[in-house]
Structures are given as C-alpha cells and as structure tokens.
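Report on the following structure.
Residue indices begin at 1 and follow the sequence shown. Since the model is a prediction, treat every value here as computed from it, not as a measurement. In what follows, every heavy atom counts, from backbone to side chain, and hydrogens, waters and symmetry copies are set aside.
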Amino acid sequence: MTMLELRVLVSLAIHHKRPLKSGDVKQAFIKATLPDTEQYVISPPAGCPNSQPNTYWLLKQTLFGLKRRPRHWFLKATELLHQCGLEPTPNNPCLFV
C-alpha cells in the first residue's frame, strides 16, 4: 500500500466516522488450504512411526517452504473478504473497500 492510498483510506474512515484498526496475523500462512487444481505429494519425514516404505503424503494445507504459499493465503483471504461484501479496488487488488 502506498502512502497516497493510506492517506485516502484514513481520510475516508475519518469522513465516515469509522474507527481505524490494523492487525497482524502471525500464523496466517498455516491456515491456507491448497486449491483443488494443485496437488503436492511429499515423502514422510525420516523416523515417522506411521510411515510405510515407498509411501507418500498428499498435502491438504500449505507448508512452510511452498513457493506459492502466499498466493494460496491471498486467495483464501480474498474469498472471505468477498463474503463480507468487500471488493478489491481497480488500482490495488490488495486493498478491499
């Protein structure tokens, strides 16, 4: 978000007498699920008691180390924001109003 966008957002909030809040979700990436169009298969870690030889795990959620993890989280966040009635701005798809 640029400084200009931040100024516009703050001025809109003040004009409409809305409280300003911000936050940081420390474990947001952990909650991202994989889309149905992508599948990742990994081998179990060495020494895992439940693993059989020549078996693999199909991931259901993103893991640290997946390059597309931020994209998966953004898609999930976008879906939730759409359900709340918010839409991305034309110039900045990360800013929802």
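Relative ring orientation between H82 and F96 is described as perpendicular, the plane-to-plane angle rising above 60° on a 0-90° scale split at 30° and 60°.
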Report task. Take T89 and V97 through the side-chain contact (heavy atoms from CB on, under 4.5 Å) test and state the conclusion after the steps. Result -> CA-CA 7 Å; T89 58; V97 291; 3.9 Å; yes
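Rounded to the nearest 0.5 angstrom, N92 CG and E5 CD are separated by 4.0 Å. Between L81 atom CG and L95 atom CG the span is 10.5 Å, to the nearest 0.5 Å.
Taking all atoms of both residues into account, the shortest heavy-atom contact from F74 to C94 is CE1-SG, 4.1 Å. Contact record, P93 with P88: O-CB, 3.6 Å, taken as the closest heavy-atom pair.
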Residues 11-20 side chain polar contacts: donor-acceptor under 3.5 Å, at least two apart:
residue	atom	partner	partner atom	Å
S11	OG	R7	O	3.1
S11	OG	V8	O	2.9

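In this view, E79 satisfies the side-chain hydrogen bond (donor to acceptor under 3.5 Å, both in side chains) rule with no residue, not counting sequence neighbours.
Cluster membership for M3 and V10, using ILVMFWY side-chain heavy atoms within less than 4.5 angstrom, is shared.
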